[in-house]
There are 2 protein chains.
Amino acid sequence: MCGVPPVNAADAGPSRTAEVTSQPVLPKRRQRGPNDPDRRDRIARAAVAVIAEHGIDSLTHRKVAAMAGVPLGSTTYHFASLEELIAAALDKAAEAGIGQLQAWANGLDDGDDVASALADYVIESIGERREQTLAEYNLYVLALHRPHLQQAAVAWDSALSDVLIALTDRPTGRMLGTLLCGLLMQNVLRPDLPSKADVEETFRRAIAGTA
Amino acid sequence: MCGVPPVNAADAGPSRTAEVTSQPVLPKRRQRGPNDPDRRDRIARAAVAVIAEHGIDSLTHRKVAAMAGVPLGSTTYHFASLEELIAAALDKAAEAGIGQLQAWANGLDDGDDVASALADYVIESIGERREQTLAEYNLYVLALHRPHLQQAAVAWDSALSDVLIALTDRPTGRMLGTLLCGLLMQNVLRPDLPSKADVEETFRRAIAGTA
DNA sequence: TTTGGATATGGACGTCAGTACATAACTGTG
DNA sequence: CACAGTTATGTACTGACGTCCATATCCAAA
């Protein structure tokens, strides 16, 4: 329903939904009180999903609650303020983004061409993973005006760089990270996907520059 | 007062401000009705300034009105909706950003080193012009979830590329544009400025790749 | 079973934003 | 000057939002 991280995927189903009318003696609602241990996480992921779908400027407790399938109060219970929720969403998005790139790197074979593989990665990020990418840039920009989020955003960036540095060397890896950032940013809002050849050539030039 | 485009710079002063108590016969407020021909533009620039200062998620008619020094009604009179105001702000920011880069390019002498000059440009954008850069990225990201703004954002990007292409060649210019985008994005939220040497080396590698 | 603390819920409250609109001020024309 | 049309303003309305909190539920230890 939203094309982004699952949110409800592992949801076994015990999330309260009516069925209240019969059996007036038995517990009125199934599953209240303490259970559902990863609810906090699910809410944070739902926040990312809301941002992916509607953009940062329509992130509200109510939308997140609806997306996560939890009552409104649950969002304010687990996160004392909207700011805290945003911070958690940033962490979740960073975690997901870093995991994605690491998985990509782990999938590389020794002889593989990094430029070509990176180009594939870009095209996937703009294509199939588009909404995730949108959410990531929304959250990243949100950090621009929030000093308490800047550290997390910088760490996110560094983690991405580290993956690319491990594949090449420090200056090259950092340059690849910059190119990746710029390419995603520039292309994620274009109506058409870039050609793989162009993207690949861009990366190749950065790698070739290694003296 | 805000470090960003002037907004009130060319403001000759006829923008109503109190002084009403005396002279009950004379016009109660100076300067109502049709005058102040560039008020619409000033409101749009004020919107950019608000975004630069507080971030996109606190852009409101009221804040813009205060920043522009006009009454609330004036913002809704000149822009039928907030969306229209955002669109105008995006245009203004794009215009300013493009103008800035063009001015930079025009200031180059024939023998100048493009990599070095671009590095200076980056450092200025993150330093002295930091707030303008922040506003630009905020607005750019806002376009991600607004189909009617994507064309403007893409045009903005193309205009920047064109300047860099004119200095080199098509693939190199496009790569420089991507690097510029990525470098600003990555560094504008870091607490410390990057070293000029690093930035310059990055650009140089893109230029050197020209075969 | 009782009890206490943690978890969870839904509704209510105060605030603030976007928008609409009646009215006012001004400009130009006759 | 009178009038019409445009530009401009202050204010009120409605809805939505963040937050709070009294209450409910559950778990685990005594």
Side-chain angles (χ1 to χ4, degrees), chain A residues 11 14-20 23-44 46-47 50-51 54-89, chain B residues 11 14-20 23-44 46-47 50-51 54-89:
Chain A
D11 196 342
S15 48
R16 151 245 47 279
T17 11
E19 219 94 330
V20 182
Q23 305 292 12
V25 176
L26 292 178
K28 282 205 304 239
R29 321 183 190 83
R30 292 144 75 209
Q31 294 299 138
R32 280 244 234 157
N35 58 324
D36 198 356
D38 69 349
R39 172 165 285 199
R40 192 186 147 95
D41 267 25
R42 220 169 67 239
I43 292 174
V50 168
I51 292 169
H54 299 105
I56 201 61
D57 52 323
S58 63
L59 179 72
T60 67
H61 282 121
R62 281 162 240 268
K63 286 215 184 77
V64 172
M67 177 72 78
V70 302
L72 171 61
S74 193
T75 61
T76 64
Y77 173 73
H78 288 284
F79 301 94
S81 71
L82 231 206
E83 287 299 306
E84 256 188 45
L85 181 50
I86 290 175
Chain B
D11 194 343
S15 48
R16 149 238 55 277
T17 10
E19 219 94 328
V20 182
Q23 304 291 13
V25 176
L26 293 177
K28 281 207 304 244
R29 318 179 193 87
R30 292 145 76 210
Q31 293 300 138
R32 280 245 235 159
N35 59 323
D36 197 356
D38 70 346
R39 171 164 285 201
R40 192 186 147 95
D41 267 25
R42 219 170 66 239
I43 292 173
V50 168
I51 292 170
H54 299 105
I56 200 62
D57 51 323
S58 62
L59 179 73
T60 67
H61 282 119
R62 286 166 175 83
K63 285 213 186 78
V64 172
M67 178 72 79
V70 301
L72 172 61
S74 193
T75 62
T76 64
Y77 173 73
H78 287 285
F79 301 94
S81 70
L82 231 206
E83 287 300 306
E84 255 189 45
L85 180 51
I86 290 175

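Throughout, a chain's letter reflects where its sequence line sits, starting with A, and its residues are numbered from 1.
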In whole angstrom, what separates [X]'s [atom1] from [N]'s [atom2]?
{"X": "A:Phe79", "N": "C:dT7", "atom1": "CZ", "atom2": "P", "answer": "14 Å"}
{"X": "B:Leu82", "N": "C:dT19", "atom1": "CG", "atom2": "C1'", "answer": "10 Å"}
{"X": "B:Leu59", "N": "C:dC16", "atom1": "CG", "atom2": "P", "answer": "17 Å"}
{"X": "A:Arg62", "N": "D:dG15", "atom1": "CZ", "atom2": "P", "answer": "14 Å"}
{"X": "A:Asp38", "N": "C:dA8", "atom1": "CG", "atom2": "P", "answer": "10 Å"}
{"X": "B:Leu72", "N": "C:dA24", "atom1": "CG", "atom2": "C1'", "answer": "17 Å"}
{"X": "A:Arg39", "N": "D:dT25", "atom1": "CZ", "atom2": "P", "answer": "15 Å"}
{"X": "A:Glu84", "N": "D:dG18", "atom1": "CD", "atom2": "P", "answer": "14 Å"}

Exercise. So which nucleotide from D:dA8, C:dA17, D:dC17 ends up closest to the side chain of B:Thr60?
Worked result: C:dA17
Below 4.0 angstrom from OP1 or OP2 of [N], is there any side-chain N or O of [X]?
{"X": "B:His61", "N": "C:dA17", "value": "no"}
{"X": "A:Ser74", "N": "C:dT9", "value": "yes"}
{"X": "A:Tyr77", "N": "C:dT7", "value": "yes"}

For this session: Compare every heavy atom of B:Val64 with every heavy atom of B:Ala46, then report the nearest pair and how far apart it is.
Result: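 The answer is CB-O, 3.8 Å.
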For this session: Identify the heavy atoms of A:Pro71 and A:Arg39 that sit nearest to each other, and give their distance.
Result: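 It is CD-NH1, 4.3 Å.
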Exercise. Hey, does B:Thr76 reach any base, or is it just sugar-phosphate, or nothing, if we go heavy atoms under 4.0 Å?
Worked result: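 It contacts base atoms.
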For this session: Scan A:Leu85 against the nucleic acid and name what it touches under 4.0 Å (heavy atoms): base, sugar-phosphate only, or nothing.
Result: nothing
Problem set entry | Heavy-atom side-chain contact between A:Ile56 and B:Asp57 under 4.5 Å |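 A side-chain contact is absent here, since even the closest heavy-atom pair is not under 4.5 Å.
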For this session: Kindly compute the distance separating NE2 (B:His54) from CD1 (B:Ile51), expressed to the nearest 0.5 Å.
Result: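 So the NE2 of B:His54 and the CD1 of B:Ile51 are separated by 11.5 Å.
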